[in-house]
Amino acid sequence: MPSATNENGVSESSEALQEQIVDQEMADGEFEFEGEIDPNKIQMLPGASEDGTAASFRILQEDHTLGNALRYMIMKNPNVEFCGYSIPHPSEAAMNLRIQTYGEISAIQALEKGLDDLMELCDHVEDEYRKAVEAGEYSTFEP
Amino acid sequence: MKETVVDTPPKRITAVHFGVLSPNNIVQQAEIEVYTRELFDLDQGRLPKDHGALDRRMGISNNSSECQTCHGKLATCQGHFGHIRLALPVFHVGYFKSVITILQNICKDCAAILIDDTTRQRFLHELRRPGIDNLRRMQILKKVNEQCRKQRRCLQCNSMNGVVKKAGPLKIIHDKFRWSGKQIVEEKVEFDESFESAKGFIPDLEKFQKKAMDDLNPLKVLNLFKRILASDCELLGMDPREGRPEMFIWQFVPAPPVCIRPSVQQENASNEDDLTVKLTDIVWTSSLIKSGLDKGMTIVNLMEQWDYLQLCVAMYINSDTPGASGPGVPAKPIRGLCQRLKGKQGRFRGNLSGKRVDFSGRTVISPDPNLKINEVAVPDRVAKILTYPETVNRYNKEKLKNRIINGPDVHPGANYLVKANDTGKRYLKYGNRTIMADQLQEGDIVERHLEDGDVVLFNRQPSLHRLSILSHFAKIRPWRTFRLNECVCTPYNADFDGDEMNLHVPQTEEARSEAMNLMGVKNNLITPRNGEPIIAATQDFITGSFLISRKDAFFDRAQFCMLCAMMTDGDEKFDLPPPAIMKPVYLWTGKQVFSAMIKPNKECKVVINLDAKNKTYQAPPNGYPPDMSPNDGYLVIRGSQVMCGSMDKNTLGDGKKSSVFYVILRDYGPDEAIKTMSRMAKLCARFLGNRGFSIGISDVTPGNVLNSKKDILVEKAYSGCDDLIVKLKEGNLETKPGCDEEETLEMDISGILSKVREEVGEICINELEKSNAPLIMATCGSKGSTINVSQMVACVGQQIISGKRVPNGFQDRSLPHFPKHSKQPLSKGFVRNSFFSGLTPTEFLFHAISGREGLVDTAVKTAETGYMSRRLMKSLEDLSMQYDSTVRNSSSGIVQFQYGGDRLDPLDMEGDAKPVNFIRTWSHAMNITFNNDDRALLPYEAIRITDEVLQPLETHIAQPDSAMERKDDGTYESRLECVDEYESERVFYQTVRDFVHSKAFGLAELRSRRNLRKVLTASEADDAEDDMDDDATAADVIAVNQVLKISEKTLREFLSQCLKKYEKSKVEPGTAVGAVGAQSIGEPGTQMTLKTFHFAGVASMNVTLGVPRIKEIINASKTISTPIIKATLVNNADERAARMVKGRIEKTHLEDIVFYIEDVYQESRAYLSARLDLKTIENLQLEIKVEDVARSIWQAPKLKISPQDVSIVGKDRIRVYVPDIAEKDRRKTKSLADSDMFYRLQHLQRVLPKIVVHGISTISRAVININDKKQKELLAEGYGLRSVMNTDGVVGTKTKTNHVLEMRQTLGIEAARFSIIDEIAETMSQYGMSIDPRHIQLLGDVMTYKGEVLGITRFGLAKMRDSVLQLASFEKYVRA
């Protein structure tokens, strides 16, 4: 392990993975990023299984806000056997996420799907919300 | 940078030698003579005056000048001595006692030793015996002194020698004619006549003539000492080649170098050190005397000056010399030479044993469960100051370059740079750091900031045991506190209410690796006190674990995954177990969470097997195995799967060998143990954070049932108490053995009241819900007890002050709110309210009193136990295990031949002071080797395999006399056993064999129950031809196999594990067994409360316990507060027989057995008449007759009653006549003749009742006690073991006392050793503190190995040690 690990204990091969993730998301072209994209936002932790069905990710600058929602979405995926997240230390702005699948899909795919689903969910909630606001069928209250 | 450790030191110190300076030496070592008292030469611009106390030839004390002798600066010149010539000799205070002793030993006329030749030869022979130790030598010298003091006339010159003694401070007198008495002695006449002329001038002189004695002034003594023959010196304890008696008297005073008594310059005045001041004083006084001697002065004046000189010299050496203070002496005490060495701040303890250090930090601590067990969070601002010098090499060059560029102000930076070929450091705050980084070469040293993973030492005072300082790995974190995992609080005894802790950074690689391997947290999970885990789950972790592992805790897949992710930070693989419940939804139990915690995946090798009772284990109904406990109170783990039982203090906490972590540690090593513990910490902290755990008013609100029942119970108890009080008033109260009525009442009332508290508490606990927070904490053992819960909810209970109910603070009552003489529960401190319902004002006060007592107690206790620990440490610190397996001290004296008698390390004890826990090892071996296809062994095969393994080991340590045929025919010789150094090993092998046998017999029993052959012997197997189980049904065979199947693999695994564990648990040579032992006894002392210092023991006998008792034992006190002799009775069943023996032992006064003692006056005579109460004597089973009483009256000491004056009248009357006073005596006291008789009678009447007529006079009380075996035994309060042993009806060989010194006197040193060990173990066990017996044995051996019982005090220690330095680092700074 020692040679393949940089200072954060993240394997170097994961960098290729991240590019892949970012590329794909870019290719989908659905989002417009504001500001710069941090290529190290998601890192893969050492100890993933060889076939890629089980892996741990470190997502920087995130906490329970994303973690719990993402975990929930990934657990909804019937192909996923195990998904949990953890914040290793509250004074480090990072979140660890572990995914183990039954073997049909890879952990990265599960993560992508989870992120996509979560976004879709958010969009849906937003759409519904806007619709409801525009319909104006709600009472207002002035104190 | 510190040099790396070299193993070939340039010089090795083999010995340090102390001696006395002769006058010649003093002058020779001196650079100059000091003879002027002026310090500065005012003519030469305040330069130190030549030949003054600050002469620059004796060195210098400031930076600006230069030494005139060696021309060195302050840093290089170590100073030079000077000397002062005294006009008249003076005594040296340190040698004053020796001077007196020597004077007592020699003739005061001719200086010959006062011993005749034969005795002298005898003593010399004894003293010259080779290998004699100091203790023995001192004893001989003391005998010499005793012998000499008896000699009244010198054997050489026949002059008289009397008593030499101290007269006032630093004065010796010789009472020459002490022994002459009324005889007329020539010398005495001569002496008396010498006063004749003086009498003529001073008329008052005659009155004082009787008191005239010889004054032995220093000059006289000096001249005497000079005449002592070199051959006599040996008997005075001196080696004439090294020093002679006259060196004890000072004619010259050495003046120490200036640098050890520096002057403090202030503007144009200077402040001088006390020593300098005293030196000028001495110089001045001496010069006065000198000029007086030259030019003449009055005798009175001269003597005054001489005394003053004497005092000055004494003060200079030891400023608290007795007699030094008093009128005319300055109030401010000066700091003499002795005071510089003495005490905590003195040279030895303040500068040599302990020093101030660099690279250390201190701040407040706080908890952080997110850290690993062996980490400590260091604030970044601390990390920027503490540095580690890292040498640049190929691999770290880039990193260190970065550090240099960052500099001292940015965290991963560096403070200094030391170039390889350059002296001096470069501070990185200034200068161009980029250039410095570029020029960095391999071999340079960068003092970089502390970074993650650095090894640091972490410590909290008081450092009572070795676990108070541990090595952690640093983790740099923001903010200001040191943070540690809560599991590591126990060894430090830390909490987070503002505690501060210290941190040290080892500065070399060697130091780091040593710290890591010896002091690392992971290598110190268990305490050497008894081998129990000390770093384990605490408080919230236990609560969390308990909540997760409860029977009703279920988690769905998402929750279960989250829990798993929580405990590992999501970076470990988990093999999800199959769910415990499949329908309607998949659910996992909390116990499965713990299975996953112990063994997260298949790759993990941890497979543990464990059976343990929970804290609140309820036994299942008869006939059921313990795991059927109705409250899920029995933990079973098989193959790392939790089968049943919950997690609580007993299975996760510290101090429990049944803990999960302990089992992992023993079977899979510390790495796995701390990994699991870290997982547990994270899991519980986060789980509890999500779940929430809080307490509110509803948690302590009592229910209706409780409220109603409580009142009934309390009222019932009150009336019960009232009944007792009424009984007492009427005198109907039946007393308990050994108690009077008052005591009985108190005992009964306390019994009733504590019972009612218990009952109410029980109702309260049963009534509370399962989710009640305080109750959860009490049941799982994380904090508090059920008593605390019931105090909040139901009833606070009786308040105790120093072991009794609240005492009377007012006249005959505790408070003015109650009637006088009230003994009701309420007025004596019973609090019936709960904290919830609120206390009444009086209850509140009683509670506060009791609370205050506790606070005072802790304050007193800390000081007391601290000193005790220090003394223990100082007397045991140098004991270590040697390669020849003996335990020796630093002067190679053997204390034990084998440590603990078996060379086993208490740290590795798995069972109760035993190296292997067979039951657990067996079940573990069975589980890891189990294979259904393996053949089950028959009982005889199991026994055969065991012998196969053990016998080769046993043959080479065979008992030397085992070949001899011995039979026990009752004689002492036949019972003697040959014990060699392998005894303990043989015993261990035998216990292993016994265990296997018990399994084999169990199996045989099982087989016979299932109608199979027992097959316990090979011959039995041969009988049954081929297959033994042929005729049995398959069902029976399977049944037997299911219950107990021993396969060969299992058995061999078991045996090899046992042997491996035994071998591993042996003490390594070099282990500091003494230091560990001292800490193991001292540290638990701090946890003992003084509060229960009198413990209501058996049969109303109070025994001192706790710290005071331990102190008594280790001090080897002559008088102890509760001496108790425990006597076994010949007839231990019969009450009457016991009473009879009791009568023989207990002392009986005359007053106890008489109706009256009256004085009778008749015309011619007067007498006292006493009538015996024969019925009482009969009732008490006393064997007393009238004659015996009469005899004890005239035998009574000091009364001088003659046998004729005591007469017996009838069968129960005794008359004691007061005899007429003899004629000649009467003449003297003529006027008082009549009243004399009267007074004497009165006096007699007063003392007669107290005469001891029966029993042993030193035994004040004896109580018949019924022991655990339902046998009667006698407890006697007092001394006199010997007399009790010899009493008829007592089994002398089974009688002992708790007084160590009496055991020593009566039964010898080995008995004393056993008694020390037993008493300490007993006291400790009373507080539920388990200490390995080996530690206590070592202490017992240290106290007795010199052949007498030596206390752990400065006096005892001085007898154990010869080394001056060892004694000086304790309390003996000055030779006394």
Side-chain angles (χ1 to χ4, degrees), chain A residues 1-3 5-11 14 43-59 62 64 67-102 107 110-111 114, chain B residues 366 368-372 375 377 379-380 395 398-399 402 412 451-453 475-481 483 485 555-579 586 588 593 596 600-603 678-679 681-683 685-687 689-690:
Chain A
M1 265 325 264
S3 61
T5 313
N6 68 17
E7 220 168 308
N8 293 324
V10 177
S11 75
S14 69
Q43 298 165 333
M44 204 158 127
L45 294 171
S49 68
E50 275 170 25
D51 57 0
T53 54
S56 296
F57 305 92
R58 165 162 295 196
I59 306 177
E62 292 297 342
H64 297 281
N68 201 23
L70 186 58
R71 189 213 99 233
Y72 179 81
M73 289 317 292
I74 296 173
M75 265 328 257
K76 286 271 170 208
N77 187 340
N79 281 321
V80 173
E81 180 202 23
F82 180 106
C83 177
Y85 79 97
S86 159
I87 295 181
H89 197 283
S91 62
E92 265 173 67
M95 178 197 82
N96 285 1
L97 182 76
R98 176 156 187 96
I99 302 170
Q100 288 170 210
T101 70
Y102 285 114
L111 174 62
Chain B
S366 43
D368 189 344
N370 298 304
L371 292 171
K372 289 200 189 104
E375 283 178 334
D380 50 1
Y395 305 100
E398 276 312 305
K399 179 185 107 177
N402 253 320
E451 61 182 29
D452 283 9
K475 201 151 172 61
I476 315 302
R477 285 276 120 114
W479 312 120
R480 291 167 188 262
T481 58
R483 272 145 285 167
N485 192 299
F555 306 99
D556 64 22
R557 183 196 296 276
Q559 287 170 322
F560 191 80
C561 291
M562 262 317 282
L563 290 176
C564 290
M566 273 179 192
M567 65 171 105
T568 54
D569 284 343
D571 52 9
E572 185 121 25
K573 184 175 171 245
F574 276 95
D575 291 330
L576 273 197
Y586 280 9
W588 280 262
V593 176
N601 50 45
K602 287 194 198 83
E603 285 72 45
S678 298
R679 283 203 282 265
K682 279 182 183 155
L683 170 70
R686 290 165 183 178
F687 171 80
N690 284 339

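Chain letters run A, B, ... following the sequence lines, proteins first, then strands; residues in each count from 1.
Partners of B/Phe555 by ring-ring contact (aromatic ring centres under 6.0 Å, His included), not counting sequence neighbours: none found.
Of all heavy-atom pairs spanning B/Cys561 and A/Cys83, the tightest one is CB-O, 3.3 Å. In terms of heavy atoms, A/Arg98 sits closest to B/Asp571 at NH1-C, 4.4 Å.
Of the atoms belonging to B/Phe560, not a single heavy atom falls under 4.5 Å from chain A.
Expressed to the nearest 0.5 Å, how far CD1 of B/Ile476 lies from OG of A/Ser91 amounts to 11.5 Å. To the nearest 0.5 Å, atoms CG (B/Leu371) and NE2 (A/His89) are separated by 4.5 Å.
A salt bridge links B/Arg477 and A/Glu92; the closest N-O separation between the charged side-chain nitrogens and carboxylate oxygens is under 4.0 Å.
Residue with the most contacts toward chain B among A/Gly84, A/Pro88, A/Ser56: A/Pro88 (heavy-atom pairs, distance under 4.5 Å).
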For side-chain contact (heavy atoms from CB on, under 4.5 Å), just list the numbers for A/Ile87 and B/Arg686, CA-CA rounded to whole Å, side-chain angles, deciding distance to a tenth of an Å, and then say yes or no.
-> CA-CA 10 Å; A/Ile87 295 181; B/Arg686 290 165 183 178; 5.8 Å; no

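Within the 4.5 Å cutoff, the side chain of B/Met566 has no heavy atoms near those of the A/Tyr85 side chain.
For the pair A/Gln100 (side chain) and B/Lys573 (backbone), a donor-acceptor distance under 3.5 Å is absent.
Close approach to chain B, defined as a heavy atom under 4.5 Å from one of its heavy atoms, is seen in A/Arg71, A/Met75 of residues 68-76 of chain A, taken by number.
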